[in-house]
Amino acid sequence: MNRGLAFTGNRKRQVLVVDDEHINREMLGHIIRQKYEVIFAGNGEEAMEIIRENRKKLSLVMLDLLMPVMDGFQVLKEMQEDPELKAIPVIVLTSEKEAEVDSLKLGAADFITKPYDMPEVILARVRRIIELSEDRLIIEATERDHLTGLYTKEFFYQYAGQLERYYPDWEMDAVAIDVEHFHLLNELQGREFGDRVLKEIARTVNHLISTEADGYACRYEADMYYVYCTHMDEDGYERMHAELIEALVKITKNNRIRVRFGIYPKADRNIEMERRFDRAKQACDSIRNNYAISMAYYDTETYEKELFAERLIGDFEEAMQQGHLVVYYQPKYEISGDEPKLASAEALIRWIHPEFGMVSPEAFIPLFETNGLIQQLDLYVWKQAAAQIAKWKKEYGVTVPVSVNVSRMDMYDPNLQTNLLQILRENGLSSEEYLLEVTESAYAEDSRQLIEVVDKLRSKGFRVEMDDFGSGYSSLNMLTTLPIDVLKLDMVFVKNVHTDEKALRLVELIMEIARYLGVTVVAEGVEYVEQYELLKKCGCDVIQGYYFSKPLPPEEWASILIKEKAR
């Protein structure tokens with residue numbers, strides 16, 4: 001910081017001396033004229049005119065308090081109410097000690113006691129106040145946004161932290177305020193108009209903070225503002241939003257500008273300030289382009305789910321390498337004969353996470369379907385299942401066909417058939433021992449292309465099962481046109497088959513169609529003996545569910561395989 005800034009260059013700093021007594025004005029002018037350009041005023045009203053006219057040149061006002069027409073207290077008050085004049089420092093001239101405190105409360109920077117009998121002290125104090133003022137202006141030039149006058153984001157975080165230290169018991173809200181499609185406003189109305197909008201938002205937000213709550217505001221990005229303020233309820237933010245829109249309508253002459261609020265209420269002080277506003281911004285972004293909502297609150301539960309999802313994505317590769325992803329197998333039993341007998345098994349992935357324990361497939365399979373990792377996961381399961389079939393054949397002399405899931409994304413992979421055939425070769429298996437399950441929704445999305453893929457797989461000997469039939473996309477007409485070998489009834493059909501006559505009749509109808517088409521029917525999700533008996537009576541071929549067994553890890557299949565070998 002350059003402490004000699006006020007006295008460099010050829011131009012002297014301008015000082016206004018305000019006093020109703022001519023002799024006092026002359027005495028002060030004589031003391032400081034050697035260093036400064038001095039101008040005079042004889043009362044407060046005259047002083048205000050000079051101050052407003054010279055506001056960009058004045059470095060200091062030396063102000064007497066007791067004057068006719070307008071006294072010094074009123075001058076201080078008017079200067080404080082004007083943002084431009086407030087920045088000009090004032091030294092109060094008084095002979096009354098009790099007036100010193102009042103003047104300092106009104107914004108005076110210092111005071112000098114009459115009579116003026118110590119010129120060196122007066123000059124030193126004038127110099128010091130001007131230095132401090134100009135240093136402060138230099139600092140504010142770096143900490144304030146040049147357009148709006150709000151704090152920059154760097155200084156905003158610092159001041160927010162200071163507020164927190166001074167008031168550790170206050171509950172604080174982090175708020176993100178964004179102007180929807182502001183770039184279009186600039187393009188349609190011009191940059192100057194856009195700047196007016198940004199300045200009006202800043203002015204209104206600053207005013208609302210001072211009237212509705214305590215806190216700070218900053219212009220975080222071009223059209224986004226951050227506010228850190230004491231906690232307000234929803235009504236408080238509704239009022240703030242309404243007043244902000246009202247202020248914008250006055251300058252835009254319409255209400256087409258949309259402002260979104262994202263609020264992280266009662267922000268957790270245990271996390272970094274930047275992360276608190278990340279949460280507020282996340283809430284704000286969640287309603288982008290949703291014109292029915294202008295305000296959103298940060299949802300801790302949703303955010304924790306997103307963090308958990310990101311963690312699973314990050315841990316996926318290690319889970320495959322370390323064997324945390326384990327393939328379980330749920331047996332399927334043929335029930336058409338006198339006694340149920342093992343027909344096959346379905347490969348079902350389980351994630352035994354070293355930190356989270358058993359992670360439900362519902363937590364990661366839909367996640368991987370959206371980000372593309374499902375293909376890597378499927379390939380991992382395919383290889384594990386094929387190796388397990390081969391291992392059981394070697395150890396027990398029993399062949400247990402296993403069905404693996406083929407996702408919609410897999411069906412569009414040109415290497416699908418090549419990958420499957422290679423896995424069979426590596427494990428010495430035939431296609432009859434390896435079943436493919438394709439979800440009903442995949443058939444519904446692009447049936448023509450999928451039919452071509454399924455036809456090629458069936459030509460290589462693979463049996464294809466339509467999985468989850470009845471889960472939401474079903475059309476009985478689909479069964480007459482799609483190439484499938486097995487139809488798997490979704491558990492929604494099975495759930496009420498023993499308590500709802502209509503559900504039972506629908507299952508009977510599907511069975512009749514399947515028999516006509518020569519398609520095997522598998523009912524999944526069977527849990528109760530009543531369900532089992534009704535499905536057997538309807539002519540269901542195969543049953544899968546907890547009635548026989550839950551999904552089991554490979555090591556728990558010994559008893560099933562020994563029984564099957566004996567049979």
Side-chain angles (χ1 to χ4, degrees), residues 326-350 361 378 381-382 384-386 388-393 396 398-406 429-440 458 461-471 484-495 497 507 510-511 514-515 518-567:
V326 181
V327 180
Y328 279 43
Y329 300 88
Q330 186 172 34
K332 305 177 189 177
Y333 284 87
E334 186 179 329
I335 63 170
S336 56
D338 294 335
E339 293 291 330
K341 63 178 181 180
L342 183 67
S344 60
E346 181 181 3
L348 299 165
I349 192 66
R350 298 292 183 267
D378 286 344
V381 173
W382 297 346
Q384 295 285 317
Q388 191 62 58
I389 297 170
K391 185 177 182 181
W392 282 338
K393 286 176 66 174
Y396 296 95
V398 174
T399 296
V400 181
V402 172
S403 60
V404 295
N405 285 284
V406 181
L429 302 179
S430 66
S431 54
E432 290 80 8
E433 299 169 299
Y434 206 70
L435 313 177
L436 307 180
E437 294 194 13
V438 181
T439 61
E440 175 202 72
R458 295 178 78 207
F462 289 103
R463 295 180 69 229
V464 177
E465 304 181 358
M466 179 191 282
D467 193 15
D468 298 333
F469 180 78
S471 60
I484 56 174
D485 302 290
V486 178
L487 180 68
K488 288 191 72 176
L489 281 181
D490 189 80
M491 61 182 65
V492 295
F493 279 112
V494 176
K495 182 179 180 180
V497 72
V507 169
I510 294 173
M511 296 294 181
R515 279 194 294 270
V519 174
T520 300
V521 176
V522 178
E524 57 182 343
V526 179
E527 298 183 4
Y528 307 112
V529 64
E530 295 87 354
Q531 294 171 329
Y532 165 74
E533 290 174 348
L534 284 171
L535 288 166
K536 181 176 174 66
K537 185 178 178 180
C538 289
C540 184
D541 302 294
V542 179
I543 276 180
Q544 176 184 348
Y546 277 54
Y547 175 73
F548 283 115
S549 174
K550 65 181 181 180
L552 300 170
E555 59 270 18
E556 293 185 24
W557 265 71
S559 60
I560 297 175
L561 296 171
I562 291 171
K563 182 178 179 180
E564 179 64 16
K565 184 176 182 180
R567 188 187 65 81

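The structure presented is a predicted model; accordingly, all values stated were derived computationally and were not measured.
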Subject >> Any side-chain heavy-atom pair of Pro554 and Lys391 under 4.5 Å >> reply: no
Original post:
Got Val400 and Glu564 here, is their nearest side-chain heavy-atom distance under 4.5 Å?
Top reply: no
Subject >> Tyr333 versus Ile560, closest heavy-atom pair with distance >> reply: OH-CG2, 4.0 Å
**OP:** Check Ala385 against Ala347 and note the closest heavy-atom contact, atom names and distance.
**Re:** CB-CB, 4.2 Å
**OP:** Taking ring pair (Phe, Tyr, Trp, His ring centres under 6.0 Å) as the test, write out the residues that go with Trp557, two or more places apart.
**Re:** Trp392
Original post:
Do the side chains of Leu552 and Tyr329 get nearer than 4.5 Å, heavy atoms only?
Top reply: no
Original post:
Can you check whether Gln330 reaches Tyr546 side chain to side chain, under 4.5 Å on heavy atoms?
Top reply: yes
Subject >> Straight-line distance of Asp541 CG to Lys536 NZ, nearest 0.5 Å >> reply: 10.5 Å
Subject >> Heavy-atom donor-acceptor pair, Gln531 side chain to Tyr528 backbone, under 3.5 Å >> reply: yes
Subject >> Smallest separation among heavy atoms of Tyr434 and Trp382, with atom names >> reply: OH-O, 2.7 Å
**OP:** Work out which heavy atom in Glu432 is nearest to a heavy atom in Pro401; give both atom names and the distance.
**Re:** O-CB, 4.2 Å
Subject >> Straight-line distance of Asn405 CG to Asp467 CG, nearest 0.5 Å >> reply: 5.5 Å
Original post:
Quick one: does Lys393's side chain get under 4.5 Å of Leu429's, heavy atoms only?
Top reply: yes
Subject >> Minimum heavy-atom distance between Cys540 and Ile335, given as atom pair plus value >> reply: O-CG1, 3.4 Å
**OP:** Return yes if some donor-acceptor pair links the side-chain N/O of Lys488 with the main-chain N/O of Thr439 below 3.5 Å, else return no.
**Re:** no
**OP:** Determine the sole option in Glu346, Glu524, Glu437 for which the salt bridge (Lys or Arg N to Asp or Glu O under 4.0 Å) test with Lys332 is passed.
**Re:** Glu437
Original post:
So how far is it from Ser344 OG to Gln544 CD, rounded to the nearest 0.5 Å?
Top reply: 7.5 Å
Subject >> Partners meeting ring pair (Phe, Tyr, Trp, His ring centres under 6.0 Å) with Tyr328 (sequence neighbours left out) >> reply: none
Subject >> Distance, nearest 0.5 Å, that separates CD of Glu556 from OG of Ser549 >> reply: 8.5 Å
Original post:
Hey, are the side chains of Val404 and Leu436 touching, using non-hydrogen atoms and a 4.5 Å cut-off?
Top reply: yes
Subject >> Leu435, Ile389, Val381 screened by side-chain contact (heavy atoms from CB on, under 4.5 Å) with Val402, the one that passes >> reply: Ile389
Original post:
Taking the side chain from Glu433 and the backbone from Ser430, do they hold a donor-acceptor pair closer than 3.5 Å?
Top reply: yes
**OP:** Report yes if the side chains of Leu489 and Met511 come closer than 4.5 Å at any heavy-atom pair, otherwise no.
**Re:** yes
Original post:
For Ser336 and Glu334, which heavy atoms make the closest approach, and how far apart are they?
Top reply: OG-OE2, 3.2 Å
